[in-house]
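What follows is one structure encoded as structure tokens, with my remarks underneath.
In what follows, chains carry the letters A, B, and so on, assigned in the order in which the sequence lines appear, proteins first and then strands, with residues in each chain numbered from 1.
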Amino acid sequence: MHLTTMVLSSSLLTIFSILILPVLGTLNPSPPGSLWATNSVKTAVKVAFFVSLLPLFIFLNEGVEAIMTNWEWMNTLMFNINISFKFDLYSIVFTPVALYVTWSILEFASWYMHDDPNMNRFFKYLLIFLIAMIVLVTANNMFQLFIGWEGVGIMSFLLIGWWFGRADANTAALQAVVYNRVGDIGLILAMAWMAVNLNSWDMQQLFSMTTNQDMTLPLLGLVLAATGKSAQFGLHPWLPSAMEGPTPVSALLHSSTMVVAGIFLLIRLNPLMDNNPLVLSTCLCLGALTTVFTATCALTQNDIKKIIAFSTSSQLGLMMVTIGLNQPQLAFLHICTHAFFKAMLFLCSGSIIHSLNDEQDIRKMGGLHHLLPFTSSCLTIGSLALTGTPFLAGFFSKDAIIEALNTSYLNAWALVLTLVATSFTAVYSLRVVFFVSMGHPRFNPISPINENNLTVMNPIKRLAWGSILAGLLITANISPLKTPLMTMPFVLKMAALTVTIVGLLMALELASLASQQFKIKPASAPHHFSNMLGFYPSVVHRLAPKTNLVLGQLIANQTIDQTWLEKTGPKMTASVNLPLISSTSNLQQGVIKTYFLMFFFTMILAVLILVI
Amino acid sequence: MLMILTPTMMLLPMIWLSSSAHLWASVLAHSMTIALVSLSWLCLPMEAGWSSLNSFIATDPLSTPLLVLTCWLLPLMILASQNHMAKEPINRQRVYISLLTSLQIFLILAFGATEMIMFYVMFEATLIPTLIIITRWGNQTERLNAGIYFLFYTLAGSLPLLVALLVLQNSTGSLSFLTTQFSPPLQLHTEASKIWWAGCLLAFLVKMPLYGAHLWLPKAHVEAPIAGSMILAAVLLKLGGYGMMRIIIILDPLTKQLSYPFIILALWGVVMTGSICLRQTDLKSLIAYSSVSHMGLVAAGILIQTPWGFTGALILMIAHGLTSSALFCLANTNYERTHSRTMLLARGLQMVLPLLATWWFLFTLANLALPPLPNLMGELMIISSLFNWSNWTLLLTGAGTLITASYSLHMFLTTQRGPITSPVLAIEPTHTREHLLMILHLLPLLLLILKPALIWGWAL
């Protein structure tokens, strides 16, 4: 075997073993010590990150990609499922990013969760969550991918419902799984279709055999799967609800795991949809709708975590738009840069929430720039990176996406929606910064404000460096797979920046107007629409479950099972036979007259039959 | 075969002759040894078809997994019933264990039978010990009603089978499983042959149970003591699936058309019983309805008659056997502490019994088919083969998976999560026995992930 390939694949397998080791260690019946979380789990992720740099550098230097097949797992009638890993651009670049972000989040969590009695278990869940994500990313066949896919889903259930005494947390956890299950139907559809028509779930075989096939149905299944996992419009409400989990969970869920899995699936299987315009435009429109809808919802939220959650949803919409533009690499780039600043925004908000004694409402913050200078600076950096300020991380991916959108011949409607969403990004980002760090304090006087703790500052600092540099580093080092369009009219080139600046100025103007009352009764319908999340949850979360539950109770259980099946089956048999039985037995009461009478009638009958 | 059967029969003298102090321990050790020895069946060369042949009984790749499951379940049943039987007089304990053992003997003979009539006799014979277990050791008075439902539904289905088998004997001259696939195709053109077809399958469809003939199952499950529920869910329902797979080979040309309504009914049942589960307040009834829903999928997989359908059905039967049996055990551990099956009365149990909550979680995951558990492999294969038959079935199977996930997690959240309810504050801690019981359910399930080929049946 070639040396570089061997180093590449063996170091990637080393990452797996390093990460799995702490999980296996917990099977030991004696409980781990209180330092297990940081010493074992955090160190494992940290070491794994440094190990993962090796294949990254080999890849950047030599462009090596590898597929490794270890073990024939099962084989039914020529249908093979192997344990097989794919180390290509996507998995080699994504793994270090995910490990780096998770390392920071784990370190932060050791501060954030330090008074939780089950901190070790929390860390174990986070670690399994990460492992499932890496399984998903490196999978080379659909079955293995499905393992990772469901793995992140179920781990998110555990993590969102971490504070299981609260009804809200449990509901949010259930919501996440149910919405994801709707998406899973799509994935199962695609897998069944592939098994039936292609007789394989291996990626390279899928890519080579589908050139002449009509793939619309399975691809729509995949889009549905991505809709569920990546919270696209229609299946999005679970994402903001998932804020019920602890902040480190939100950070991990929204940055490098779980929610990007759906987009990653489409990136991974992009060769299948390359020349299917129907599916591509579905993605484009779905993404555009998601990005503008969730950005609208973010505008009027008051919970700091909710705002950041909706911004994630909006960015996921943008990634979906990019998939629709048939630019998977740009979408991937956005996943990577987004991971850094989104994780940092969550960690900053976690730090603020703890400092203000578990206060999440941005109306009750303010003036934190003087009290939490480091955290609020990083919050600002993160917001700037999110809006796509030139030369921060978000710029390199977001600007490229919008340029690609501007110069494409596709749907102008989607283009307009995306631009509107981009300017909304500036609006809600400014709103967060304005309410949290500017102005005067509006919180209770005695708040335990303290950010001078290395386990808070170091992770945020590391992520801040990532938010500043990641975009530059990644774009400078990987070569684009599709030729980017370099020349375009000035207006189009500047469109992203223009709409962002317009959004920013409008938001500033609005913020200054907020304290003045021009009308006695302000027109509040648009506000309600945005604040109530477009009335989507209130309609869908009542209608669909209620219909289903009523169906279950009234029709399935009471009407069919308890009435029709039971009444026409056993009960009818009993009631039809009962009169016969009772009259027969009532006859026989030991009265000799009855017996003779019966005997007589029988004789007459017999004689009659004989005669006739 | 006799290597397993004879020791199983020797359990009976052991039960009656061993001293009361060592009764449970010695029976458990003995049956566990049998179970471990029975694992050697899995090593038999599967490609060769039949093996361990003698004149009446044999195993083949289809029956081996079910036989091993049967043997594996007896020690688990003994472990599970130890606590609630402890207060009974010693002779009744002996009778109880003898019934369980006799059930295992009948089941081994049923799964190992090479003749349809012998299979039929053993199939019917399993009713008797089960009926006694349900009606004698059940807890509420409704157990009598449940026993009647159980007996009459099954009998009404299986008596036509006897007639159908006699007809078959008349026309082919042999009822041996060994030669069925070599016998010349039957001439089935008359209307009566359609009735004969239905007669052949009805017994198994009722036993599965197919949606529409499933009313006996929730009642029997709810009223039966724990061992009854376990064996019913884990093995007795599988008799139906096994019999169907055996007999459907000779019904070939007719099944193509006639099975359509049954497939639709089975899939419709998956959705309907799933929705019923969403509204159940009774823990055992919920698990029972979820069994109906899963077995509907199995029935559809068998009726579709493709290699993947058969394989998926067999995998799902084994996986569901272990999962639902474990769920009943968990429900029983709750019941022994709170003396109520109502879910709402015992909530937030994770606070008091944290390790038990882990088991609940793992088996909930198995119930909702998390990859890579064998449950998922089976479901995926069945769904794929149904999808191959008609794309529209995905609407029903997809809705089925969604509903399954919902009610499984609903069950988990209601019983384990949330604030604790006051009636359960002072309950007994868990026993090592209960954890061992759970591990013995979980271990085969996890090990099967590594080599699912063991339970693949014919599709090797």
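Heavy-atom distances place the backbone of B:Ala399, and not its side chain, under 4.5 Å from chain A. Only the side chain of B:Leu365 comes within contact range of chain A, judged by heavy atoms closer than 4.5 Å. With a 4.5 angstrom heavy-atom cutoff, B:Tyr149 touches chain A only via side-chain atoms. The contact between B:Leu376 and chain A is made entirely by side chain atoms (from C-beta outward), counting heavy-atom distances below 4.5 Å. In this structure, the portions of B:Pro419 lying under 4.5 Å from any heavy atom of chain A include both its backbone and its side chain. No part of B:Glu379 comes within reach of chain A, as not one of its non-hydrogen atoms sits under 4.5 angstrom from that chain. Looking at B:Ala369, only its backbone comes within 4.5 Å of chain A, counting heavy atoms on both sides. For B:Leu413, the part lying near chain A is the side chain, with the backbone staying farther off; criterion is any non-hydrogen pair under 4.5 Å.
Ring geometry for B:Phe361 against A:Phe157 counts as parallel: the plane angle stays under 30°, on a 0 to 90° scale with 60° as the upper cut.
Listed options A:Ile154, A:Val177, A:Ile81 were ranked by heavy-atom pairs under 4.5 angstrom with chain B; first place goes to A:Ile154. For the set A:Leu189, A:Ile188, A:Val178, the entry with the most heavy-atom pairs within less than 4.5 Å of chain B is A:Leu189.
In A:Phe16, the CZ atom is crowded: over 12 heavy atoms of neighbouring residues, nucleotides or ligands sit closer than 6.0 Å.
Of the possible donor and acceptor atoms, none in the side chain of A:Arg181 sits under 3.5 Å from a partner among the backbone N and O of B:Gly398. Using a distance-only test at 3.5 Å, with no hydrogens or angles considered, no donor-acceptor pair links the side chain of A:Trp73 to the main chain of B:Pro452.
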